[in-house]
Amino acid sequence: MTNFIVWVVWVLAALSLLSSGIAVVLFSNPFYSALALIGNLASLAVLYLLLAAEFVAAAQVLVYAGAVVVMFLFVIAYLGGRADAPWAGRPSLQSLAAILAAGAIAVEVVVVIALKAGDQLSTAADIEDGFGSPAEIGRLFLGDHLLAFEVTSIILLVAAVGGVILGTAIPEERRT
Amino acid sequence: MPGPGVAAYLIISVILFATGAFGVLIRRSPLIVLLALEIMLNAGNLALIAFARQTGTGSGQIFALTVMVVAAAEAVVGLGLIVAISRRHVDLDVDKLTTLRG
């Protein structure tokens with residue numbers, strides 16, 4: 001019974017994930033694209049929960065839906081959100097090439113993973129209850145992966161400094 | 001594990017990544033290019049977490065959190081660039097932004 005419920009939740013989450021992903025790419029209004037991204041991130045968080053990654057799912061909703069998408073919406077509102085039809089003004093050859101390139105990436109990834117790990121994918125390791133919990137993530141972050149934790153702080157600092165520099169108004173005499 | 005195996009999650013992740021790559025290639029508004037980039041990063045995250053579940057080690061989840069931080073930083077810098085470009089009254093169109101001279 002649990003298995004059936006998990007399957008149903010998985011199918012719903014996967015369908016909503018893929019359809020909202022396509023919606024983000026194909027909406028002509030950037031405002032709707034950003035709203036579709038929220039649905040995309042929410043269904044991704046459901047898949048993370050099914051994969052026993054509770055903390056990452058919570059962080060996903062907080063960081064992405066809570067902060068990144070709000071920032072996107074703020075910038076779109078600031079710029080006026082001009083519509084831009086996805087197919088307009090493009091040579092059809094270019095659209096075809098984009099479809100081919102995206103398909104080629106997908107096929108390449110599938111082939112490489114199937115060749116390298118295809119026979120191991122059917123079995124998943126047994127995990128204990130604490131897997132993916134905040135306590136386990138904290139232990140790993142401050143233990144085995146301390147370097148990644150410290151590099152993260154530097155990346156955030158650089159991004160904050162870069163955001164301030166890019167956002168500072170240009171002096172009048174240099175303005176073109 | 002109940003429900004679909006790791007391979008099913010990986011297939012979803014690949015399709016999502018291809019969608020994002022298609023969006024980056026086809027769209028001309030830099031805002032939507034950034035949104036499509038976020039989709040690509042999230043597809044990578046989904047694969048990382050699926051592999052973390054398969055191997056039963058938490059390292060994949062740590063990596064996914066790090067990718068999330070990089071994605072947030074990239075969004076800040078990318079949106080800062082877009083605002084700086086629009087301040088100069090240049091068209092927001094990646095096909096027209098062919099020179100990056102200040």
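By convention in this document, chain letters (A, B, ...) are assigned in the order of the sequence lines, proteins followed by strands, and residues within each chain are numbered from 1.
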Item to check | Portion of B:T55 that has a non-hydrogen atom of chain A nearer than 4.5 angstrom | outcome: backbone
Item to check | Closest approach of B:I26 to A:S95 (non-hydrogen atoms, all atoms of both residues) | outcome: CD1-CA, 3.6 Å
Item to check | Check against side chain to side chain contact (heavy atoms under 4.5 Å, CB included), B:I32 and A:V25 | outcome: CA-CA 7 Å; B:I32 298 188; A:V25 169; 6.0 Å; no
Item to check | Nearest atoms (heavy-atom pairs only) where B:L35 meets A:A34 | outcome: CD1-N, 3.7 Å
Checklist outcome for this item: To the nearest 0.5 Å, atom CG of A:L37 lies from atom CD1 of B:I39 at 6.0 Å
Checklist entry - Under a 4.5 Å heavy-atom cut-off, does chain B meet the side chain of A:D144, its backbone, both or neither? => result neither
Item to check | A:F55 versus chain B, the contacting section by heavy-atom distance below 4.5 Å | outcome: side chain
Item to check | Contact winner vs chain B - A:L44, A:V24, A:L156, heavy-atom pairs under 4.5 Å | outcome: A:L44
Item to check | Straight-line distance of A:I105 CD1 to B:L25 CG, nearest 0.5 Å | outcome: 6.5 Å
Checklist entry - For B:R53 and A:L51, which heavy atoms make the closest approach, and how far apart are they? => result CD-O, 3.4 Å
Next on the checklist: With a 4.5 Å cut-off on side-chain heavy atoms, are B:F22 and A:I22 touching?
Outcome noted: no
Item to check | Proximity breakdown for A:L50 and chain B, heavy-atom pairs closer than 4.5 Å | outcome: both
Next on the checklist: Test side chain to side chain contact (heavy atoms under 4.5 Å, CB included) on B:T66 and A:T152; report intermediate values, then the result.
Outcome noted: CA-CA 7 Å; B:T66 313; A:T152 294; 4.0 Å; yes
Checklist entry - Could you give the distance from OG (B:S29) to CG (A:N29), rounded to the nearest 0.5 Å? => result 10.0 Å
Checklist outcome for this item: Turns out that what part of A:V56 lies under 4.5 Å from chain B's heavy atoms comes down to both
Item to check | Nearest atoms (heavy-atom pairs only) where B:R87 meets A:T168 | outcome: NH1-O, 3.5 Å
Next on the checklist: I'd like to know if A:Y78 and A:F72 are part of one continuous hydrophobic network [Ile/Leu/Val/Met/Phe/Trp/Tyr, side-chain heavy atoms within less than 4.5 Å].
Outcome noted: yes
Checklist entry - Which bit of B:L34 comes within less than 4.5 Å of chain A, counting heavy atoms only: side chain, backbone, both or neither? => result both
Next on the checklist: Checking side-chain polar atoms at under 3.5 Å, does A:Y48 have a donor or acceptor matched by the opposite partner on B:Q61?
Outcome noted: no
Next on the checklist: Less than 4.5 Å to any heavy atom of chain B: does that hold for the side chain of A:F4, its backbone, both, or neither?
Outcome noted: neither
Checklist entry - Which pair of non-hydrogen atoms, one from B:L16 and one from A:L18, has the smallest distance, and what is that distance? => result N-CD2, 4.1 Å
Checklist outcome for this item: Of all heavy-atom pairs linking A:I155 and B:V70, the shortest is CD1-CG2, 3.9 Å
Item to check | Contacting region of B:L65 [heavy-atom separation from chain A under 4.5 Å] | outcome: side chain
